[in-house]
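Beneath this line is the structure, given in structure tokens, with notes to follow.
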Amino acid sequence: MDNQSPLKIWLDIFSSMSKAPFAGSVDLPWDQAQKRLMDQMLSSLDQSGLFHTCAIARADTGHILRPLAVSGPVQQIVLENVAVLFSPDHPHARSMTARAQVEDRTLLVTDYVHSEYLQHPDLAGWRQAIEAIGIQWLLATPIHRHAAVWGVLVLSGLQDEPPELMADSAEKMAVFIADAMEHLETRRNEQQYRETLKNLAHTDALTDLPNRRALETQMEQAMLRAIRHNRLLAVCMLDLDDFKPINDTYGHEIGDEVLVTLGKRLTDMLRKSDFIARYGGDEFVLLLEDLAGHADLAQLLKKIEGTITTPILLSNGESVQVGASMGVVLYPFADTDQADQLLRWSDQALYEIKAHKADRENCWALFGEENFADQRNPAQVLLDNGALEVWYQPILDSRKGKIVGIEALARLRDENGTIWPPARFLPQLHGEDFSDLNKQVLTQALKDLSILDAQGWPLWVSVNLDPRSLSGSCITCLREILGESTVDASRITLEILEGEDFLERQTALELLLEIKALGFRLALDDVGSAYSSLLRMKELPIDEIKLDQGFVRSLEQRPQDLHFLNTIQDLANGMQVDLVVEGVETEDILDAVTVMGSTLLQGYAIARPMPFAELQAFLKHSVFPHRHRPISLLGLYATRLAQHEALKKTIIRSPRAVDYLTLADATVCPLHGDIHRLGQDNVNRLDHLHRNYHRAIAVMDALMLAAPSGADWSVVDQAVEAFEQAIVKTYFEEKSKKQQTS
């Protein structure tokens, strides 16, 4: 840069600032969008190398400076010290930034540490920090928006003299920043207008309910959730009875009032997991999710009927009453994966129930109900006929580099040899079926574990225990199974789903304590998928928690979920229970969770679920050598997160345990080598942000030594966020390149 002309340098800076993206800011709330844009533009200034610190601030009527955005290695110091309040008559009541705003002019001081403003005794600490850093000059120039001074751009540097053309160029920067904010505001207004149009396209104009188009999207998502959570989805076509006479008697305006009222009633009555759309005329479609069986459905349909049949007081003072007919189809009971077919079948069931209004017992009909009334369904028949197979998925100890456990998983094989996964057969089981399933899986798993023992693989096994089967007879059954096996109970972990209401009952604790008394280990499965039992976790006698794999298998799309994994790890450590991380589906995810310190791992990157014979072959030939990690950019992101969390805790607890000078030198950090090994085309950018982070955390350590209480970590957090975002961006870019070349 030394060989370039001053004009060329400034042109490069403006070019860099002009590339600050708007796309990521348009959808944010205005304060966040504005802050993000300012951060991006100040980051462009910071990267030029001309400035030490860049800031945008605003002074209020009491001369308190409010930093809106700061970039540079001393963000912490700026944020802690710029907001200084003196009495209005004090000669130092106004800083240069406040004066630049109040007087609406550019101010430049070339010897900032000896300026009049910094000589006040109350600013001794601030002055010493500025002197230690070596800041020589400071410039403040107003930013105008809407024909008034909106804020101030503040620049500082370590040079003896400000760079050539500084004052003139800074004023142009202030105009540029103001124009960028105006452009962002315009873009946001356009985006909001488009969103309004989009919402109108998916909303019924009369009732303000979702319309048919919105229903199509919601149905696809609801069907996927039903499969994932092993629950039933009811698609309910609802038609109002005796609605036509209201239109004929009172007119369509009153008829519309009835539709609007019922739309609001149903919306208020339904659970948060349910969905309602107006299908047309006096027809509505309801998606009732997360149903355990027919009893849940019947209870909910009765509530819907009661809500509809409650008299409606009209605006004209009269009261009317309507009835309801409902056709219902259950998914995945219904043999289709097509949403439109489910709607046709629910409409067919609606036609049948309306044809029997005079002699019907309920106001709803279940499509295909006659097929399930008095006979065992296909899944129950398979279970009765011994079609159960127990498959196993290995669990890796990442520290030991070997398989230490297996999870037993139920499968059904039909007469055609097709394997049924739990998502297909569990919704078809009822009552005693779950007890029978639990017994068969556990019995077979213990037989297979004994065989593995004899072959030299002393593993532990985890078995899913459906909460619906837990009772006194279940305890008896567990005792009998254990008595017939040579496997010690301490090697058997029984997994219970976290989201089950069962865990909220007092009887749950008593039953779990009885199971513990038999010697079994207990695990809470899918932790993070619900909230209520998380609150009770400390009361439950559990030995292990299993993180919901939804948080792990999507890490390549959402690396920030590693923060949640870190929180769950801290929770497990605090409770002194084991943590098993499921959903480790790829090598990148395996790399990331390993460097995060997760020990027990399960997923496709280690092994898929397999029959017992395949498990034996796998154990003979599986090798998991120790590798120097991270080996991926996702692993680099995880390494940074784990390193920062550990370093932050150390500094907070004992600032003197960390050497300030060593901390400031990014090259001694192991991450420095990892960046140059993995950084690809973006290595210089990552290295720059890594150095910024080390400078910021070093300053933080020094501040903690001086004043441990009340320290503000926001500057370090901003440096961390910038570094993280750059790693994630590079990771996504590299993934895109690989996909294009593959």
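Quantities reported herein were computed from a predicted structural model and do not represent experimental measurements.
For the pair I515 and L494, the minimum side-chain heavy-atom distance is below 4.5 Å. Between V584 and Q602, the closest side-chain pair of non-hydrogen atoms is not below 4.5 Å. Between Q32 and R36 there is no side-chain heavy-atom pair separated by less than 4.5 Å. A heavy-atom distance below 4.5 Å is not found between the side chains of L396 and V404. Looking only at side-chain heavy atoms (C-beta outward), L663 and I651 come within less than 4.5 Å of each other. Side-chain atoms of L68 and R58, non-hydrogen and from C-beta on, do get closer than 4.5 Å to each other. Side-chain contact between C669 and Q643: present, with at least one pair of heavy atoms (C-beta onward) separated by less than 4.5 Å. Annotation: side chain of I542 is in contact with side chain of I545 (closest heavy-atom distance under 4.5 Å).
Remark: H563 NE2 to L641 CG distance equals 4.5 Å, nearest 0.5 Å. Here the straight-line distance linking atom CG of L686 with atom CZ of R691 works out to 12.0 Å at 0.5 Å rounding. L562 CG to L555 CG: the interatomic distance, rounded to the nearest 0.5 Å, is 4.5 Å. Between the CG atom of D591 and the OG atom of S632 there is a distance of 3.5 Å, given to the nearest 0.5 Å. Here the straight-line distance linking atom CZ of R225 with atom OG of S273 works out to 8.5 Å at 0.5 Å rounding. The distance from the CG atom of L634 to the CD atom of E734 is 13.5 Å, given to the nearest 0.5 Å.
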Verdict with reasoning, Q718 to S714, per side-chain hydrogen bond (donor to acceptor under 3.5 Å, both in side chains): CA-CA 6 Å; Q718 289 174 15; S714 57; 4.9 Å; no
Verdict with reasoning, H229 to D290, per side-chain hydrogen bond (donor to acceptor under 3.5 Å, both in side chains): CA-CA 8 Å; H229 296 298; D290 199 32; over 6 Å; no
Stepwise side-chain hydrogen bond (donor to acceptor under 3.5 Å, both in side chains) test for E556 and T586: CA-CA 9 Å; E556 291 183 325; T586 68; 2.9 Å; yes
Stepwise side-chain contact (heavy atoms from CB on, under 4.5 Å) test for V699 and I697: CA-CA 5 Å; V699 170; I697 196 92; over 6 Å; no
H676 vs D687, side-chain contact (heavy atoms from CB on, under 4.5 Å): CA-CA, chis, key distance, verdict: CA-CA 8 Å; H676 285 267; D687 186 62; 3.4 Å; yes
Test side-chain hydrogen bond (donor to acceptor under 3.5 Å, both in side chains) applied to Q136 and Q159, step by step: CA-CA 6 Å; Q136 296 295 318; Q159 308 95 328; over 6 Å; no
Test log, rule side-chain contact (heavy atoms from CB on, under 4.5 Å), inputs W137 and L158: CA-CA 7 Å; W137 60 268; L158 305 180; over 6 Å; no
Steps toward side-chain contact (heavy atoms from CB on, under 4.5 Å) verdict (I492, R521): CA-CA 6 Å; I492 307 166; R521 298 178 80 252; over 6 Å; no
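Heavy-atom minimum distance, Q569 versus G597: OE1-C, 3.7 Å. Closest of all the heavy-atom pairs between I406 and P394 is CG2-CA, 4.0 Å. In this structure, A572 and L579 approach most closely via the heavy-atom pair CB-CB, 4.0 Å. Of all the heavy atoms in M704 and I652, the pair that sits closest is CE-CA, 3.7 Å. Closest heavy-atom contact between E585 and G603: OE1-CA, 3.5 Å. Here the closest heavy-atom approach between residue A722 and residue L689 is recorded as O-CD1, 3.5 Å.
A donor-acceptor pair under 3.5 Å is formed between the side chain of T639 and the backbone N or O of G635. Although no hydrogens or angles enter the test, the distance criterion places a donor-acceptor pair under 3.5 Å between the side chain of T594 and the main chain of L590. Side-chain N or O atoms of S554 include one that pairs as donor or acceptor with a backbone N or O of G550 at under 3.5 Å. Judged purely by atom type and a 3.5 angstrom limit, Q101 has no side-chain atom pairing as donor or acceptor with the backbone of I143. Judged by distance alone, with hydrogens and angles left aside, the side-chain atoms of N682 form no donor-acceptor pair with the main-chain N or O of T730 at under 3.5 Å. The backbone N or O of Y112 lies less than 3.5 Å from a partner atom in the side chain of S115, making a donor-acceptor pair. A donor-acceptor pair under 3.5 Å is formed between the side chain of S398 and the backbone N or O of S598. Looking at S654, its side chain never comes within 3.5 Å of a backbone N or O of T650 through a donor-acceptor pair. Looking only at distances, no side-chain donor or acceptor of E645 sits under 3.5 Å from a matching main-chain atom of N566.
Looking at residues two or more places apart in sequence or on another chain, you find a salt bridge (Lys or Arg N to Asp or Glu O under 4.0 Å) between E724 and R640. Taking the ring pair (Phe, Tyr, Trp, His ring centres under 6.0 Å) definition, one finds that Y637 meets it with nothing, sequence neighbours left out.
Applying the side-chain contact (heavy atoms from CB on, under 4.5 Å) test between I56 and each of V70, L153, V152 identifies L153 as the sole match. Exactly one of L547, D548, L601, D525 qualifies for a side-chain contact (heavy atoms from CB on, under 4.5 Å) with E582. That residue is D525.
In summary, K516 and D543 engage in a salt bridge, as defined by a charged side-chain N under 4.0 Å from a carboxylate O. By the 4.0 Å N-to-carboxylate-O rule, D561 lies close enough to R558 to be salt-bridged with it. Here D570 pairs with K649 in a salt bridge; the nearest charged N to carboxylate O distance falls below 4.0 Å. D674 and R629 are not joined by a salt bridge, as no carboxylate oxygen comes within less than 4.0 angstrom of a charged side-chain nitrogen. At a threshold of 4.0 Å, the pair E407-K546 counts as salt-bridged, since one of the basic side-chain nitrogens sits closer than that to a carboxylate oxygen. At a threshold of 4.0 Å, the pair D701-K648 does not count as salt-bridged, since none of the basic side-chain nitrogens sits closer than that to a carboxylate oxygen.
Classified by interplanar angle (parallel below 30°, tilted 30° to 60°, perpendicular above 60°), the ring pair H690/H694 is perpendicular.
Other residues, nucleotides and ligands place more than 12 heavy atoms under 6.0 Å from the CD atom of Q557. Crowding of R677 atom CZ: a count of heavy atoms from other residues, nucleotides or ligands under 6.0 Å exceeding 12.
When only modelled atom types and interatomic distance are considered, N692 and H688 share a side-chain donor-acceptor pair under 3.5 Å.
Residues H644 and F723 keep their aromatic ring centres 6.0 Å or farther apart.
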